[in-house]
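Throughout, protein chains are lettered first and strands after them, A, B, ... in sequence-line order, and every chain is numbered starting at 1.
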2 protein chains.
Amino acid sequence: MQKIAEVLNQFPHLDEKSKSAFAEKITLEEYERGDLLECAGKPCNHLHLILQGSARSFYLKDNKDITVSFTLENEFTTTMHSFITRKPSYENIEAMEKTISGKISHEDLWNLFELYPNLERTYRLILEQYYITLEEQLIFSKFKSAKERYLELMETRPKIIHKASVGQIASYLDMSIETLSRIRGKI
Amino acid sequence: MQKIAEVLNQFPHLDEKSKSAFAEKITLEEYERGDLLECAGKPCNHLHLILQGSARSFYLKDNKDITVSFTLENEFTTTMHSFITRKPSYENIEAMEKTISGKISHEDLWNLFELYPNLERTYRLILEQYYITLEEQLIFSKFKSAKERYLELMETRPKIIHKASVGQIASYLDMSIETLSRIRGKI
DNA sequence: CTGATTATTTGATTTTTCTCAACAAGTTAA
DNA sequence: TTAACTTGTTGAGAAAAATCAAATAATCAG
């Protein structure tokens with residue numbers, strides 16, 4: 001698929017062989033709004049590249065639905081903890097709309113790493129980017145008030161604001177629904 | 001050094017050649033309490049393995065000193081954002097006591113990756129562990145009150161409580177010094 | 001050892017955000 | 001269309017934690 005090639009071309013060190021070996025192991029899957037890409041309780045076996053649509057990672061705590069992350073087009077997602085440790089995931093990933101994921105299984109990916117060190121490097125680079133993003137999220141969330149966190153989201157990933165509900169955004173930004181509603185009212 | 005071998009032996013897939021190639025590029029450096037292992041404003045060029053003592057990552061914001069992480073013996077530390085992007089770091093890393101670090105430069109490490117894919121894998125595995133830790137920190141910090149955050153630190157990394165000052169722990173746990181002091185008083 | 005500086009504790013007050021409650025606006029199903 | 005839900009908004013009071021202020025305790029330089 002053209003889209004996959006585009007994403008892989010972001011990694012210039014990747015040779016054609018590695019790319020096509022990777023592409024061959026990708027399965028396309030289509031989800032409707034609300035369908036689960038990955039499900040809490042089971043080990044997460046796939047790394048997903050969202051080719052179309054969007055996804056939301058969340059888990060349930062005391063009957064509350066807590067959003068951990070949003071994934072938009074051309075971004076990767078998985079429940080990293082489970083994908084790495086092979087233990088049951090505590091997170092779910094659901095499609096927020098009609099979504100197509102190009103997914104590769106853990107097993108296939110690990111096998112590819114043996115054959116194509118360049119792919120392992122690519123995975124490492126992706127992991128690094130994710131690490132940085134997470135670190136920024138952790139550090140900057142410390143200083144920001146509820147309002148600032150919302151304004152930052154508006155600036156950095158405005159699409160999320162249009163795709164997600166108030167409740168989803170509120171739990172993602174770690175504030176109550178009411179607080180978010182009040183913030184939105186005042187802008 | 002014996003200690004380095006011990007740490008590397010945690011990665012069973014690493015062959016002897018890779019290990020010794022890595023060990024050869026490590027430089028031992030000794031720091032006194034307060035010395036900087038890495039300094040904000042400059043690109044961070046080293047991955048450190050703390051062989052003895054302990055370190056603290058922090059940065060300065062509006063004249064306040066904010067602790068980002070603590071590193072104890074046999075743990076790795078670097079200012080990941082800068083180490084990965086090669087841009088100036090916004091974090092400092094300082095020795096909290098007399099500390100010995102086994103450090104390897106970014107350049108040496110990247111060169112080793114070309115020659116020993118197993119080392120790149122090890123780095124990837126370390127990164128994965130760090131990612132998981134960070135993710136847990138982010139997710140679980142969302143639910144916990146100031147008191148719960150402190151109790152969790154006491155349970156998971158009690159050494160930090162003995163080595164760090166109230167102010168350092170307070171900023172790490174994202175609460176005011178006074179709040180932490182009151183929490184400690186009541187236990 | 002002693003005064004000066006810094007770190008910590010304690011108290012009073014204020015701010016932020018949460019919780020509970022009521023209500024309005026949309027959606028969906030019968 | 002209406003009734004039952006879901007989703008979002010608004011208000012009032014409560015709770016958690018921050019800030020401001022002052023008092024102690026600990027550490028350091030001379």
Nucleotides 4-8 of chain D: which of its N/O atoms have a protein N/O under 3.5 Å away?
| from | atom 1 | to | atom 2 | distance (Å) |
| --- | --- | --- | --- | --- |
| D:dG8 | OP1 | A:Val166 | N | 3.2 |
| D:dG8 | OP2 | A:Val166 | N | 3.4 |

Please tabulate the protein-to-nucleotide N/O contacts below 3.5 Å involving nucleotides 20-27 of chain C, giving atom names and distances.
| from | atom 1 | to | atom 2 | distance (Å) |
| --- | --- | --- | --- | --- |
| C:dC20 | N4 | A:Glu178 | OE2 | 2.9 |

Inset, instruction - Return no unless some side-chain N or O of B:Thr179 is found under 4.0 Å from OP1 or OP2 of D:dA17. - result: no
Inset, instruction - Go through the steps for A:Lys147 and A:Glu152 under the test side-chain contact (heavy atoms from CB on, under 4.5 Å), then give the verdict. - result: CA-CA 9 Å; A:Lys147 183 172 179 180; A:Glu152 178 165 317; over 6 Å; no
Inset, instruction - Give the rounded distance in Å between these two atoms: CG of B:Asp174 and P of D:dA16. - result: 17 Å
Legend entry - For atom CD1 of A:Ile183 and atom P of D:dT10, their distance in whole Å: 13 Å
Inset, instruction - Find out whether the Lys NZ or Arg CZ of A:Lys17 is both under 6.0 angstrom from the six-membered ring centre of A:Tyr116 and within 45° of the ring's axis. - result: no
Inset, instruction - Under the side-chain contact (heavy atoms from CB on, under 4.5 Å) rule, what do A:Lys103 and A:Leu47 come out as? Steps first, then yes or no, please. - result: CA-CA 6 Å; A:Lys103 66 182 192 178; A:Leu47 176 67; over 6 Å; no
Inset, instruction - May I have the distance from B:Asp65 (atom CG) to C:dA7 (atom P), rounded to whole angstrom? - result: 10 Å
Inset, instruction - Please test B:Glu73 against B:Leu51 for side-chain contact (heavy atoms from CB on, under 4.5 Å), starting from the C-alpha separation and ending with a verdict. - result: CA-CA 5 Å; B:Glu73 243 172 60; B:Leu51 297 166; over 6 Å; no
Legend entry - Spacing between A:Lys147 atom NZ and C:dT17 atom P, to the nearest angstrom: 11 Å
Inset, instruction - Sort out for me which residue in B:Tyr130, B:Phe22, B:Trp110 forms a ring-ring contact (aromatic ring centres under 6.0 Å, His included) with B:Tyr123. - result: B:Trp110
Inset, instruction - Taking all non-hydrogen atoms of both residues into account, name the closest pair between A:Leu37 and A:Glu94 and its distance. - result: CD1-C, 3.9 Å
Inset, instruction - Measure the distance from CZ on B:Arg149 to C1' on D:dA18 and round it to the nearest whole Å. - result: 12 Å
Inset, instruction - Starting at atom CG of A:Leu180, determine the distance to atom P of C:dC18, rounded to an integer number of angstrom. - result: 10 Å
Legend entry - Global bending angle along the helix from C:dC1-D:dG30 to C:dA30-D:dT1, which compares the axes of five pairs at either end, to 10 degrees: 40°
Inset, instruction - Decide if the gap between the ring center of A:His48 and the ring center of A:Phe76 is smaller than 6.0 angstrom. - result: no
Legend entry - Whole angstrom value for the distance that separates P of C:dT6 from NZ of B:Lys64: 19 Å
Inset, instruction - May I ask you to check whether B:His81 and B:Tyr90 place their ring centers less than 6.0 Å from one another? - result: yes
Legend entry - Over all atoms of both residues, closest heavy-atom pair of A:Cys44 and A:Ser82: N-OG, 2.7 Å
Legend entry - Main-chain N/O of A:Ile177 paired with A:Ser181 side-chain donor or acceptor, under 3.5 Å: no
Inset, instruction - Report yes or no: do A:Ser101 and A:His46 form a side-chain donor-acceptor pair below 3.5 Å? - result: no
